[in-house]
K.L.:
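The following block contains the structure, expressed as structure tokens.
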2 protein chains.
Amino acid sequence: MSRDLVELAKRRGYFFQSASAYGGVSGFYTYGPEGATLKDNVEDAWRERFQVREGHREIDAPTVMPEPVFEASGHLDTFDDMLVECPECGESHRADHLIEDNTDIEEAESIPISEVEDLIADHDLRCPNCDAELAGVPVEDFNLMFETNIGPGDSSPGYLRPETAQGIFVEFPQLAEYARNQLPFGITQIGKAYRNEISPRKSIIRVREFTQAELEHFIDPTEDEPPLDRVADVELTLYSAEEQEKDDGEYVTKTVREAVDEGIVHEWIAYYLGVGKQWYESIGVDMDRFRYRQHLPGERAHYSADCWDAESEVDGDWIEITGYSYRSDYDLGKHDEYSDDDFTVFKQYDEPKVVERATVDPDMSYLGPEFGGAAGDIADALETLAERDRKAFDGEEVAVEVGGEEYAIPTEKTGFSVEEVKETGEHVLPHVVEPSIGIDRVVYTVLDHAYETDEIEGETRTRLALEPAVAPTFVGVFPLMDKDGMGEVAREITDDLRAAGLDVTYDDSGNIGRRYRRQDEVGTPFCVTVDYESLEDDAVTLRERDSTEQVRVPISDLDDLLADLQAGETTFAELDAPAPEQ
Amino acid sequence: MSRDLVELAKRRGYFFQSASAYGGVSGFYTYGPEGATLKDNVEDAWRERFQVREGHREIDAPTVMPEPVFEASGHLDTFDDMLVECPECGESHRADHLIEDNTDIEEAESIPISEVEDLIADHDLRCPNCDAELAGVPVEDFNLMFETNIGPGDSSPGYLRPETAQGIFVEFPQLAEYARNQLPFGITQIGKAYRNEISPRKSIIRVREFTQAELEHFIDPTEDEPPLDRVADVELTLYSAEEQEKDDGEYVTKTVREAVDEGIVHEWIAYYLGVGKQWYESIGVDMDRFRYRQHLPGERAHYSADCWDAESEVDGDWIEITGYSYRSDYDLGKHDEYSDDDFTVFKQYDEPKVVERATVDPDMSYLGPEFGGAAGDIADALETLAERDRKAFDGEEVAVEVGGEEYAIPTEKTGFSVEEVKETGEHVLPHVVEPSIGIDRVVYTVLDHAYETDEIEGETRTRLALEPAVAPTFVGVFPLMDKDGMGEVAREITDDLRAAGLDVTYDDSGNIGRRYRRQDEVGTPFCVTVDYESLEDDAVTLRERDSTEQVRVPISDLDDLLADLQAGETTFAELDAPAPEQ
């Protein structure tokens, strides 16, 4: 983590460790006034691009979910990290991290526990807190879900969801009904998810409570195709599994269309990589520090046909900010299997299909007297046989086995017939395409990529060059001084701009240069200054953060002009006669 | 709860009980596609009115918080309900609800536990589940916070926050620094809060996981005044404590200004009642089924100077949808006391104040030899005396008591003097004004008040008359039939309107009348139909939900027109030549 950025984040109200008055809690961060609004803006931009524009719809499910959901999803069994607890000081550590930090071994997470214990002994690893020996200390699986109980007692365990996705999957039957059983349809959710990390680190990059924005796009894999045309020409920086496995593996740049045509990326994943690329760029992710990396065969879940991560470079490391996964019918299949509900959709044929179906209608007045108590079972066996092997009814007699005994029944007593039946459709388990965004990591990336220093009039200036579309404070309004009526005018402008829905900061303390620097650090794209001239000409100075250039603007034009600048409908450079900062 | 509304809510994707595939979990609801967007829209409208326009800022704190926070806030001790567990079937019940449901007693929540036990015995109350006797069964306090543990082991208990407010209070030191120690300032938060109800009921009105929107406005009570002018003329329907205590108590209608001038409502509370009234009305709460009710002296917390609830009438009951409380310095005072941090702000005087301060500078070369081991304590006693009673130094000798003995010290050896000291300010504990909104209850109210039936062409029509500003689906787009190019045109319009940020439903199934009825039930304010004429004249039929009137609109004007209708900048009635539904 960049210490400068983390320090600025705390000082300027972006984010800070929670509950520091009580010593803080590791892995929990609070977004301050600037951070929460930046996060809101990122979420709104995501919603606009991945949901509204794509015609998908959003749901809002509880964060506390009952145990059976996670039995089905597999989280109860396998959502674990390897825990080793120091026998001396009692501190808990992630065993795989100890190995990675102290040996040349990478990706220790995938090493079996017994080998991890051996590696700890072989390398004589010690407790990072008190230096006690860890050789011989058992390594255990620690489930990363926060557990609680629903209602009094302990008979009804609940868990804080480890991903928002399960809240969508588990409600699929209701959602399919809402969508009138028509595939494809997409459901999104933005909300908190939880991971009870053993020892969290890395600021808001790895926290115990975080925000996800997930889209589950339910499709019929035999029919539905992504609308590739919409993003066909978007260029993607791709780091394929094949290239990663080479010594001199390289990124390739391909359009979405090329990536699909050349078989590099699954078409559904490619579509969302294209949508994603446009979105990251629009919120200010630096495309020179961005790539799509394919999961290696060992990383990918067995059910996933293709999986790519969007990665950004922050502080010299590549971090995952979004996972794009083709999840097949795995998730719905699990809930279909574990619950009593139906997770398929009924797919209507364009025209009903006529199929032949063999049935029996046994003559019970013959079977009963003839076979006594076995008659019912014999009738069932005949029915099963008719479905499986209608040739068995070709002769004079039909043989079936019931309870280890063989019975011969005259074919004429079975009521065997082949009928033509109309079928109007079939039940199919939809496949799922999932872009899963880590909002906190995207927010961190946006801040990191916006962090810049330059020199203004011989002084170093720190600024957050945030995109106007996401900047949490959009405009600062200053009276030159709070006297002779300038304060009143500035406060009136502040109220008007707020009524127009803009996030405005009013500031009348310190000299103008200092106030500009403060807003540069906050990342405020524009500042408005009311000076003595304003009292005469009803105009103000509008100053742009990045260029520090200024133009004079009538007060009456301000709200429309700023709204246009925020929406990207005009640029500062297009305004009349900019003059250098005074 | 209205069964019709709850049924419509499930069928049309507003809300439904969570995880019904696994039998459901009581007290947990999922907002479906329409409900989640309605909730988003209500939250955005709240943010716009209570936050952006007021110049307040938002934060986003974790939902899991450590134990010391709730020791300080009092939730660990007192956030309880009375639990009685059936000895036969094991079902848990709220003891106070049992009494209310089976006797004439109201507000049983405030009855002490021992009396509750007696009442259960006296009235021979039985388990509603299995009819077992409950007389003699102990009633216990059950803490309503969901408990979990942070990290491995059980040494670090954490709780799901029972209110978003604590996430603001606990970070006050950081937030005051952000606000550069200048009162007043306001901090908002919208997010999940939790209450582990013993036996939840009443749909989304009383749930275990809910969404709050809270504003904590930090003020200096000796100086800050609300900007009453902004809402002075807003009319409030008030049901004061005084009126509630009368047999024939009545509501009074007062403007905000009158309510303050007549001493009915605290000025800060009155300001937010005015803001609130405007807001509820804008999102579609029926003002004939809305009132402000003052807390009775017994309901109000001891630290609260005034407290009013906004209440809406749903299904014949009045329910609290917002609490407006003047919380004084209670919350910050508790954290100031329990934590090591400082929860005051340093209030700078306009001009430094010169104050006289009496000090001593005892001559230890005299005190030491003269009083030996007692010399140090005597020096301390002199200092305390100087602060408290400078007249004691008027004579030749000063008398102090140390360890039960009296000592006389020559005044000249005490180094007594009175100095003038400049003080630049003082530390003050801010007061808090808190509007606390229950978003789920507001959403329920908006739906309930929008639910209407009327008759169209002899058929009963159900519709949600939602305000365009909050309606989750804003426009339905239909081709008359999906053939001869009408489907293509309708899909193109759908894409264009989505790109303009509008929530659009595309529907080509069933006859047009049926599609209109479907959208009427969803509450979609407008529908657009592409017919054969559209292929000739590039125009479509725009139909309004409530009046069912229709106008013809050029396709090229649609996005601007609909945006204006959503923003309230034009009304359907203002459009040209409306004609009755065909």
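Every heavy atom of this structure was used, including side-chain atoms; hydrogens, water molecules and symmetry mates were not. Here is the naming used below: chain letters follow the sequence lines, and residue numbers restart at 1 for every chain.
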K.L.:
On a heavy-atom basis, which atom in R518(B) and which in R180(A) lie closest, and how many Å separate them?
P.N.:
NH1-NH1, 3.1 Å
K.L.:
Starting at CD of E177(A), measure out to CZ of R12(B) and round the result to the nearest 0.5 Å.
P.N.:
9.5 Å
K.L.:
Below 4.5 Å from any heavy atom of chain A, which atoms of F146(B) appear? Answer side chain, backbone, both or neither.
P.N.:
both
K.L.:
Heavy atoms only, distances under 4.5 angstrom: which of G158(A), P66(A), A72(A), G55(A) has the most pairs with chain B? Name it, please.
P.N.:
G55(A)
K.L.:
K10(B), R49(B), M65(B): which one forms the most heavy-atom pairs within less than 4.5 Å of chain A?
P.N.:
K10(B)
K.L.:
Which atom names give the shortest non-hydrogen contact between V25(B) and I150(A), and what distance separates them?
P.N.:
CG1-CD1, 3.8 Å
K.L.:
Can you tell which of R208(A), R230(A), E48(A), E197(A) has the highest number of heavy-atom pairs within less than 4.5 Å of chain B?
P.N.:
R208(A)
K.L.:
At a heavy-atom distance under 4.5 Å, which candidate from R53(A), E209(A), H335(A) has the highest pair count against chain B?
P.N.:
E209(A)
K.L.:
Nearest heavy-atom pair of Y178(A) and G13(B): which atoms, and what distance?
P.N.:
CD1-CA, 3.9 Å
K.L.:
At a heavy-atom separation under 4.5 Å, does L497(B) approach chain A through its side chain, its backbone, both, or neither?
P.N.:
neither
K.L.:
Take atom CD in E492(A); do more than 12 heavy atoms of anything else shown fall under 6.0 Å from it?
P.N.:
no
K.L.:
Do you know which of T63(B), V69(B), D340(B) has the most heavy-atom pairs under 4.5 Å to chain A?
P.N.:
T63(B)
K.L.:
Evaluate R57(A) against E34(B) for salt bridge (Lys or Arg N to Asp or Glu O under 4.0 Å), listing each step before the verdict.
P.N.:
CA-CA 8 Å; R57(A) 299 303 298 261; E34(B) 303 294 344; 3.2 Å; yes
K.L.:
Heavy atoms, side chains only, cut-off 4.5 Å: are S20(B) and Q174(A) in contact?
P.N.:
yes
K.L.:
Is it the case that the side chain of D60(B) and the backbone of D40(A) share a donor-acceptor pair, with hydrogens and angles ignored and the cut-off at 3.5 Å?
P.N.:
no
K.L.:
Between F210(A), F343(A), Y31(A), which has the largest tally of heavy atom pairs under 4.5 Å with chain B?
P.N.:
Y31(A)
K.L.:
As an exercise: rank K39(B), E147(B), Q51(B) by heavy-atom pairs under 4.5 Å with chain A and give me the winner.
P.N.:
E147(B)
K.L.:
How close do P33(B) and L175(A) get, counting heavy atoms only, and between which atoms?
P.N.:
CD-CD2, 3.9 Å
K.L.:
If you count heavy-atom pairs under 4.5 Å between each of D341(B), T30(B), T37(B) and chain A, which one has the most?
P.N.:
T30(B)
K.L.:
Specify the closest pair of heavy atoms between E58(A) and A36(B), including all atoms of both residues, with the distance to one decimal.
P.N.:
O-CB, 3.4 Å
K.L.:
What part of T473(B) gets closer than 4.5 Å to chain A, counting heavy atoms only: side chain, backbone, both or neither?
P.N.:
both
K.L.:
Please state whether the side chain, the backbone, both or neither of I198(B) comes within less than 4.5 Å of a heavy atom of chain A.
P.N.:
both
K.L.:
Between L83(B) and chain A, which part of the residue has a heavy atom less than 4.5 Å away: side chain, backbone, both or neither?
P.N.:
side chain
K.L.:
When you look at CD of E71(B), are more than 12 heavy atoms from neighbouring residues, nucleotides or ligands closer to it than 6.0 Å?
P.N.:
yes
K.L.:
With rounding to the nearest 0.5 angstrom, report the CG to OH distance, L160(B) to Y194(A).
P.N.:
6.5 Å
K.L.:
Step by step, work out the salt bridge (Lys or Arg N to Asp or Glu O under 4.0 Å) result for D503(B) and R47(A).
P.N.:
CA-CA 11 Å; D503(B) 279 302; R47(A) 197 177 266 126; over 6 Å; no
K.L.:
Would you name the heavy atoms of S339(B) and A21(A) that are closest together and state the gap between them?
P.N.:
CB-O, 3.4 Å
K.L.:
Looking at T505(B), N196(B), V170(B), which has the largest count of heavy-atom pairs under 4.5 Å with chain A?
P.N.:
N196(B)
K.L.:
Relative to chain A, which of Y338(B), Y506(B), F172(B) shows the most heavy atom pairs under 4.5 Å?
P.N.:
Y338(B)
